[in-house]
Enquirer: 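For reference, the structure I am asking about is given below.
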Amino acid sequence: MGRFHRHDGDDHHHHHGHEHVHEHEHEHGDHSGYATGRERISVLEDIFTENDHCAAHNREAFDAHQVQAVNVMSSPGAGKTAVLQHVLRAAEGKVRIGVIEGDIETSLDADRLAGFGAQISLLNTGNGFGGECHLDAPMVSRALQGLDLHELDLVLIENVGNLVCPAEFEVGEHRKAMVFSVTEGEDKPLKYPVMFRSVDAVVVNKIDLLPYLDFDMALFRANLEKVNPGVPVFEVSAKTSQGMEQWLNWLSPKLAGEKE
């Protein structure tokens with residue numbers, strides 16, 4: 001059984017994102033309490049510059065240990081954790097995996113991934129006010145303290161469920177993937193283009209439900225092509241295991257039983 005480390009949001013003393021921006025708006029804004037456009041842009045630039053600097057350090061740590069890192073994103077309920085269970089099951093005895101599990105509260109998803117031999121570092125972003133809606137590079141840096149990179153080949157970063165903020169923050173990953181559920185509708189690539197444009201692969205989950213839905217896969221693929229031309233798409237079912245092999249091979253040829 002793998003190691004399980006937990007890190008709480010309160011331990012991460014420098015929060016990024018919208019909450020951080022609002023704090024600066026009140027500090028530096030005009031007498032009405034609102035920031036000027038120039039001040040707001042300056043704050044955002046500072047946030048992303050600091051985040052990208054830390055992300056570069058995270059990537060250096062991965063590279064120094066020859067570890068590949070994949071940032072896995074999705075909306076809540078798309079099936080990220082179920083898909084990752086298949087990955088960990090396939091990895092046993094073949095690929096040494098660490099998981100950074102990001103959630104606002106609870107260890108529910110981390111508990112579901114325990115028992116497959118992976119190292120798991122849980123990161124709760126909750127801070128008593130709802131928590132951060134994404135992982136950023138400083139958070140991932142802290143969570144890395146719970147992983148022994150010397151003993152790993154692949155790190156999967158399960159981001160907080162959200163179709164907006166996670167796509168905006170680099171965390172030091174080498175590749176990004178998203179899990180999309182057919183229950184979400186064909187229009188999501190057009191409504192959330194930043195997320196769909198940012199990823200290197202899209203895993204379309206819950207295809208076992210297609211006989212019961214009006215979901216048009218061809219239309220979804222056409223919409224996705226408009227925002228991210230040529231991105232690999234893997235149609236899978238975490239419930240039945242259908243279509244998993246190509247997705248596993250994208251992560252690592254060793255996972256699909258192939259030689260590199």
Side-chain angles (χ1 to χ4, degrees), residues 70-95 97 99 101-103 106-118 120 154 156-164 166-167 175-193 195-258:
V70 180
N71 185 1
V72 184
M73 302 176 287
S74 80
S75 64
K80 284 196 310 297
T81 307
V83 168
L84 293 185
Q85 282 181 311
H86 280 270
V87 175
L88 298 189
R89 191 176 295 115
E92 290 186 280
K94 293 188 288 188
V95 178
I97 293 183
V99 178
E101 178 59 51
D103 253 321
T106 80
S107 65
L108 294 174
D109 288 345
D111 293 339
R112 290 175 60 190
L113 297 177
F116 294 98
I120 300 175
L154 175 67
L156 300 173
I157 302 163
E158 183 171 2
N159 219 307
V160 179
N162 189 304
L163 281 183
V164 181
R175 293 183 293 173
K176 294 183 177 74
M178 74 169 295
V179 177
F180 170 83
S181 169
V182 296
T183 59
E184 297 178 67
E186 306 92 339
D187 59 350
K188 291 303 179 290
L190 303 181
K191 295 179 71 173
Y192 299 93
M195 170 63 75
F196 285 88
R197 186 181 298 121
S198 73
V199 299
D200 303 293
V202 177
V203 180
V204 181
N205 190 30
K206 304 185 183 182
I207 60 172
D208 54 290
L209 296 180
L210 286 175
Y212 313 102
L213 302 173
D214 293 328
F215 184 82
D216 186 333
M217 185 68 76
L219 177 57
F220 168 77
R221 282 177 170 269
N223 289 337
L224 178 59
E225 186 71 13
K226 291 177 182 177
V227 299
N228 195 346
V231 66
V233 178
F234 307 109
E235 299 179 18
V236 309
S237 167
K239 183 178 180 64
T240 68
S241 301
Q242 182 181 351
M244 283 289 175
E245 188 165 342
Q246 287 187 326
W247 152 242
L248 293 172
N249 186 66
W250 183 85
L251 284 172
S252 170
K254 291 180 179 179
L255 288 173
E258 299 179 12

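No hydrogens, no waters, no symmetry mates; every other heavy atom, side chains included, goes into these values.
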Enquirer: State which residues pass side-chain contact (heavy atoms from CB on, under 4.5 Å) with Gln242; sequence neighbours excluded, sorted by chain then number.
Expert: Ile207, Ser237, Thr240

Enquirer: Are any non-hydrogen side-chain atoms of Met217 and Val182 less than 4.5 angstrom apart?
Expert: yes

Enquirer: Taking only residues two or more places apart in sequence, or in another chain, which ones meet Ser241 in a side-chain contact (heavy atoms from CB on, under 4.5 Å)?
Expert: His86

Enquirer: Please report the shortest heavy-atom distance between Leu248 and Ala90, naming the atom on each side.
Expert: CD1-CB, 3.8 Å

Enquirer: Just so I know, are the side chains of Met73 and Ser198 near enough to count as touching, which here means a heavy-atom distance under 4.5 Å?
Expert: yes

Enquirer: Heavy atoms only: give me the nearest Glu92-Gly115 pair and the separation to one decimal.
Expert: OE2-O, 4.5 Å

Enquirer: In Å, rounded to the nearest 0.5 Å, how long is the span from NZ of Lys254 to NZ of Lys94?
Expert: 11.0 Å

Enquirer: Using a cut-off of 6.0 Å, state whether more than 12 heavy atoms not belonging to Gln246 lie near its atom CD.
Expert: no

Enquirer: Could you check Val72 against Val203 for side chain to side chain contact (heavy atoms under 4.5 Å, CB included), going step by step and ending with a plain yes or no?
Expert: CA-CA 10 Å; Val72 184; Val203 180; over 6 Å; no

Enquirer: Are the side chains of Leu156 and Leu251 in contact, using a 4.5 Å heavy-atom criterion?
Expert: yes

Enquirer: Could you pull out all residues at least two apart from Phe215 that satisfy ring pair (Phe, Tyr, Trp, His ring centres under 6.0 Å)?
Expert: Phe220

Enquirer: Whether the side chain of Asn205 engages the backbone of Ala238 through a donor-acceptor N/O pair (distance < 3.5 Å, no angle test) should be reported.
Expert: yes

Enquirer: Measuring from Glu101:CD to Ile157:CD1, what's the distance to the nearest 0.5 Å?
Expert: 11.5 Å

Enquirer: Who passes side-chain contact (heavy atoms from CB on, under 4.5 Å) against Asp187, sequence neighbours left out?
Expert: Lys191

Enquirer: Under the side-chain contact (heavy atoms from CB on, under 4.5 Å) test against Ile97, which residue among Ile120, Leu84, Leu154 passes?
Expert: Leu154

Enquirer: Atom CZ of Arg112 and atom CG of Leu108: how far apart are they, to the nearest 0.5 Å?
Expert: 9.0 Å

Enquirer: What is the minimum heavy-atom distance between Trp250 and Lys176, and which atoms define it?
Expert: CH2-O, 4.0 Å

Enquirer: Between Leu113 and Phe116, which heavy-atom pair has the shortest distance, and what is it?
Expert: O-CD1, 3.3 Å

Enquirer: Please give me the minimum heavy-atom distance between Pro166 and Met195, naming the atom from each residue.
Expert: CB-CE, 4.3 Å

Enquirer: So do the side chains of Trp247 and Val87 get within less than 4.5 Å of each other, counting heavy atoms only?
Expert: yes

Enquirer: For residues Gly77 and Lys206, report the shortest heavy-atom separation together with the two atoms involved.
Expert: O-NZ, 2.7 Å

Enquirer: Output the distance between atom OH (Tyr212) and atom OG1 (Thr183), rounded to the nearest 0.5 Å.
Expert: 15.0 Å

Enquirer: Tell me the side chain to side chain donor-acceptor pair (under 3.5 Å) pairs involving residues 218-228, sequence neighbours left out?
Expert: Arg221-Glu235

Enquirer: What pairs with Ser75 under side-chain contact (heavy atoms from CB on, under 4.5 Å), at least two apart in sequence or on another chain?
Expert: Ala78, Leu163, Glu184

Enquirer: Side chains of Val233 and Leu224: does their closest heavy-atom pair fall under 4.5 Å?
Expert: yes

Enquirer: Would you give the length of the straight line joining atom CG of Asp200 to atom CE of Met178, rounded to the nearest 0.5 angstrom?
Expert: 12.5 Å

